[in-house]
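To keep things clear, I will list the structure first and then write my remarks on it.
Chain naming here is simple, since letters A, B, ... match the order of the sequence lines and numbering starts at 1 in each.
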Number of protein chains: 2
Amino acid sequence: MFDFKIYGHKNMTDKYRHLHIKLTPQRLAIFKFMEGNKSHPSAEAIFSAVKKQYPTMSFATVYNTLDALKNKGGIRELKIDSVKKRYDPDLTPHHHMICVTCHQIFDLFADIEVSITDELIQGFKIHDKNIEITGLCRNCQ
Amino acid sequence: MFDFKIYGHKNMTDKYRHLHIKLTPQRLAIFKFMEGNKSHPSAEAIFSAVKKQYPTMSFATVYNTLDALKNKGGIRELKIDSVKKRYDPDLTPHHHMICVTCHQIFDLFADIEVSITDELIQGFKIHDKNIEITGLCRNCQ
DNA sequence: CTATCTGCAAACGTTTTGCATCTGT
DNA sequence: ACAGATGCAAAACGTTTGCAGATAG
């Protein structure tokens, strides 16, 4: 989930110590579930998955953890789904393709040319550019 | 809101007849409010505005009308705001810039080069490409 | 030790729904 | 006439919050 290989982590706890948040077992389970997860899960999906291991897991803990991760720059919150928030542990610059039929989300690691004239942006200071592509995935065509 | 000037509309009702939905006074009030509206209003904003004229206006009617419009291609539903849906009557291709401080939404009518190799899109058939830019607007810098 | 986290339940804001009544066509 | 819209209130849904007890550091 985070590229800290340079630290040579001994274990799970060491691996996430840099976040400077309390590393509870519940949180570590969430980190583990998110690590390398390409499904862009919702809070509900994360909750369901981690609840198997921690039957007392609550939404408060899931949202609390996701919020902490988001604030520490550990995950991205996606607005791809108008119904619920989705989370992406992949922080490398990429975009998303959403199938209008099966609603699956596909990563797109294309380097996209976004050339905008100063005149058009009305003095807006750009932090981030994000491209959302809608259409039909191979299966649904 | 719709570019049907070629029909030479006599009045409000004629203007929207092509939608093939019942043109109630409430709906016409919503159409009028949306026409040329650059504020990307939420359902609540539309409701509040139109309620002044129709005190009995309900959310059911607002959502019903927005849904009909969306399905007939009369408006676009935006996913820019993760809390609530926003609606845009402008159907000409354009993108959005969202200020992270004041949360205002600005239109961006730039023609953006999105060149993607066939290999990267995994057979995905693209219908639409949408760019969301986040940053600071001139006022908030 | 104590600042922070967990888990529960209740509250919240947005959107959807059921249904009786009404109305545009 | 009648398919479809309105308006109300209730429900549904995802998310947030308050708080008492627990725990990581």
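- The closest donor-acceptor contact from the side chain of Glu77(B) to the backbone of Ser82(A) lies at 3.5 Å or more, if one exists at all.
- dA5(D) atom P lies 11 Å from atom CG of Asn71(B), rounded to whole Å.
- For residues 98-107 of chain A, the set of pairs meeting the side chain to side chain donor-acceptor pair (under 3.5 Å) definition, not counting sequence neighbours, comprises His40(A)-Asp107(A), His94(A)-Asp107(A), His96(A)-Asp107(A).
- Separation of atoms CD1 (Ile21(B)) and OH (Tyr16(B)) is listed at 11.0 Å; rounding is to 0.5 Å.
- With a cutoff of under 4.0 Å to any heavy atom of chain A, the contacted region of DNA chain C is bounded 5' to 3' by dA3(C) to dC8(C).
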### Task
Going 5' to 3' through nucleotides 15-25 of chain D, assign each nucleotide B (protein heavy atom under 4.0 Å from a base atom), S (under 4.0 Å only from sugar-phosphate atoms) or - (no protein heavy atom that close).
BBB-----BBS

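- Here Tyr54(B) pairs with Pro25(B), Gln26(B), Ala29(B), Val50(B), Met57(B) under the side chain to side chain contact (heavy atoms under 4.5 Å, CB included) rule; sequence neighbours left out.
- Taking each heavy atom of Glu132(A) and Ile98(A) in turn, the nearest pair found is CG-CD1, 3.2 Å.
- Checked against side chain to side chain donor-acceptor pair (under 3.5 Å), Arg138(B) has no partners two or more places apart in sequence or in another chain.
- Side-chain contact between Pro41(A) and Met34(A): present, with at least one pair of heavy atoms (C-beta onward) separated by less than 4.5 Å.
- Applying the side chain to side chain donor-acceptor pair (under 3.5 Å) test to Lys84(A) and every residue at least two apart in sequence or in another chain returns nothing.
- One can place NZ of Lys51(B) at 12 Å from C1' of dT6(D), the figure rounded to the nearest angstrom.
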